[in-house]
Number of protein chains: 2
Amino acid sequence: MTTDDAPESRMTREVELLWGLDASPPRRGPKPRLSREVVIGAAIAIADAEGIEAVSMQRVAKELGYTTMSLYRHVDSKEDLLVLMLDTAMDAPPPPPRSDGDWRAGLEEWCRGALELYRARPWSVRVASSGPPVGPNGLRWMEAGLRELVGSGLPVGEAVQMLVLLSAVLRDTVRLEADMSRAARATGTTLVEIEHDYSVGLRRVVTAEEFPTIALMLEEQVLEQGSGAGPPDRVGGPADELEFGIRRILDGIEAYVRAGEGTGGPSS
Amino acid sequence: MTTDDAPESRMTREVELLWGLDASPPRRGPKPRLSREVVIGAAIAIADAEGIEAVSMQRVAKELGYTTMSLYRHVDSKEDLLVLMLDTAMDAPPPPPRSDGDWRAGLEEWCRGALELYRARPWSVRVASSGPPVGPNGLRWMEAGLRELVGSGLPVGEAVQMLVLLSAVLRDTVRLEADMSRAARATGTTLVEIEHDYSVGLRRVVTAEEFPTIALMLEEQVLEQGSGAGPPDRVGGPADELEFGIRRILDGIEAYVRAGEGTGGPSS
DNA sequence: ACAATTAAGTGTACGTCATACACAGTTGAG
DNA sequence: CTCAACTGTGTATGACGTACACTTAATTGT
């Protein structure tokens, strides 16, 4: 009858969870020896080392030397734990605003930074998020990306759309690379070899009649290259090849914004 | 010593699985009453109706009126079943080549078609694929997309990169929309309401000092619109807003290809 | 100082999951 | 007609998420 009659809309709950608005003041019982942060940390350590599928309540508890059920004193459910892991994984601050207002360079930095983050914790792109970010870290990244996009001259609405699009590109490319890496690890080979195996497999079923363009791709050994030259941080996965695509997207934004200048804004 | 000494490289296995190269000729035992296709179909029906997490071996078996273990006569593992479901979900032929060689229109059609497919089976973007498509249906879509991209004048290698990028955009946007829909269903509301809840939740933690651009976004009620006007097939999710972003990407490709014309190819 | 209260961590238990294995019944090849 | 191969069944195992009752330790009101 006071405040919480409504089912609290899930979103509200997630906000409270991620901003620590659910913690009650110092309480009565024994001092907690475990803490939410420690639990999250242990879970992340496991996910980093062995992938998200290795993270189970039992495993996290064992790693910490507690019983499984003790975790439930600090986290309401495994789903909550995953949500908390997600925002924690986005620590590392986004690139700060540039002093020159170069939005293109700013966005490229943002993409590189986000990609680095996702790549360092590939499991983070696999956990379900019920929507855009709401945690403090996630919001910081969102703010930084949005800032650059709005700086380009795009109206906010369209800036949001482009941010969603850019995140989608980064996330799903990392997901693909992570899935390939997992397959590589499972067979004890490398990412490069997996890509080679892929083209070998394809050649068995791709005919020039039915799949002319794919056949062309195989002829030119498009999949085999990639790891040839380039910066030393190349792993050989699809995320190495993202720069080109990102640049096309930025080109597209630039063209659009330029076309809108002088015509009373790009909202046409 | 003959052919199969090596562990068969996973990729080869997947190809054989998806192209039915593993079926032996008519055999000796009782006639199978169940079949691989029926199992896949039942699994897809469950995933369509209740999401991928409802698909368990027990559940599929129950739906078919057989024991759980009977499924293993037709499918080696649940993972194999998921892979088979994936390619089967991509039935529905991609758009055919256009008679006018308009690659932009062709690519837009391709995106629309793929988006429709993903949206009809949102679970398909959630299952792990160890790499690019290898099944007959997946390859048909890949061929169609690649055909248009190469038609634009892009060299094959860069066309592949843009195809990966476009798929990433479509896939992850559908994933986001599906996650939001799931949250909506769980609380018994609609996608539109979820987006509203999201901005309500955000307003509780977003200050104009720390998150100026997000604050601006909230002021302009960017999240609340979306469902205003538009074609009747709008659901209110993020995938509705994809057209704008896709067009920017196509703009980017067009600009790049045009710039490369006359300079001896766009490979600079 | 002491009792009542409340919270932290434990132990046990349940239902669901993927799947290994031994089995019974059915079929075609020799 | 026999036997080998194959289909579907039954049972079992170990991992999972989590509900619930419990012990024990800390705090608060008297």
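The model shown is predicted, which means the values in this text are computed figures rather than measured ones. Letters A, B, ... mirror the listed sequences (proteins, then strands); counts begin at 1.
Note: CZ (A:R59) to P (D:dG17) measures 12 Å, nearest angstrom. In this structure, A:Y72 atom OH and C:dT12 atom C1' are separated by 15 Å, rounded to whole Å. One can place CZ of A:R73 at 6 Å from C1' of C:dA8, the figure rounded to the nearest angstrom. Atom CG of B:L81 and atom C1' of C:dA18 are 12 Å apart (whole Å). Atom CZ of B:R28 is separated from atom C1' of D:dT2 by 11 Å (rounded to the nearest Å). Counting to the nearest Å, the P atom of C:dA8 and the NE2 atom of A:H74 are 6 Å from each other. A:Y66 has its OH atom 19 Å from the P atom of C:dA7, to the nearest Å. In this structure, A:E79 places its CD atom 15 Å from C1' of D:dC16, rounding to the nearest Å.
Here A:T68 lies in heavy-atom contact (under 4.0 Å) with a base. Nucleic acid contact for B:S56: sugar-phosphate only, since backbone atoms but no base atoms lie under 4.0 Å from a heavy atom of the residue.
With rounding to the nearest 0.5 Å, the separation of CG in B:D22 from CZ in B:R13 is 8.0 Å.
In this structure, the nucleotide among C:dT26, D:dG8, D:dT24 sitting nearest to the side chain of B:P30 is C:dT26. When the nucleotides C:dT5, D:dG8, C:dT27 are ranked by their closest atom to the side chain of B:L34, D:dG8 comes out on top. Taking every side-chain heavy atom of A:K78 into account, D:dG17 is the closest of C:dA29, C:dT26, D:dG17. The side chain of A:M57 has D:dG17 as its nearest neighbour among C:dA18, C:dT19, D:dG17. Distance from the side chain of B:T67 is smallest for D:dG8 among the nucleotides C:dT26, D:dT27, D:dG8.
Phosphate contact (OP1/OP2 of C:dT16, side-chain N/O of B:Q58, threshold under 4.0 Å): absent.
The environment of B:E116 atom CD is sparse: at most 12 non-hydrogen atoms of other residues, nucleotides or ligands sit within 6.0 angstrom.
Shown here for A:V60 and A:A42, the closest heavy-atom pair between the two residues is CG1-CB, 4.1 Å.
Between the B:R140 side chain and the B:P93 main chain, no donor and acceptor come within less than 3.5 Å of each other. Side chain of A:W141 to main chain of A:A92: a donor-acceptor pair is present (N/O by atom type, distance under 3.5 Å, no hydrogens or angles).
Mapping A:M69 and B:K31 onto DNA chain C by nearest heavy atom places A:M69 closer to the 5' end of the strand. Comparing A:S77 and B:L71 by the nucleotide of DNA chain D that holds the closest heavy atom to each, the one mapping nearer the 5' end is B:L71.
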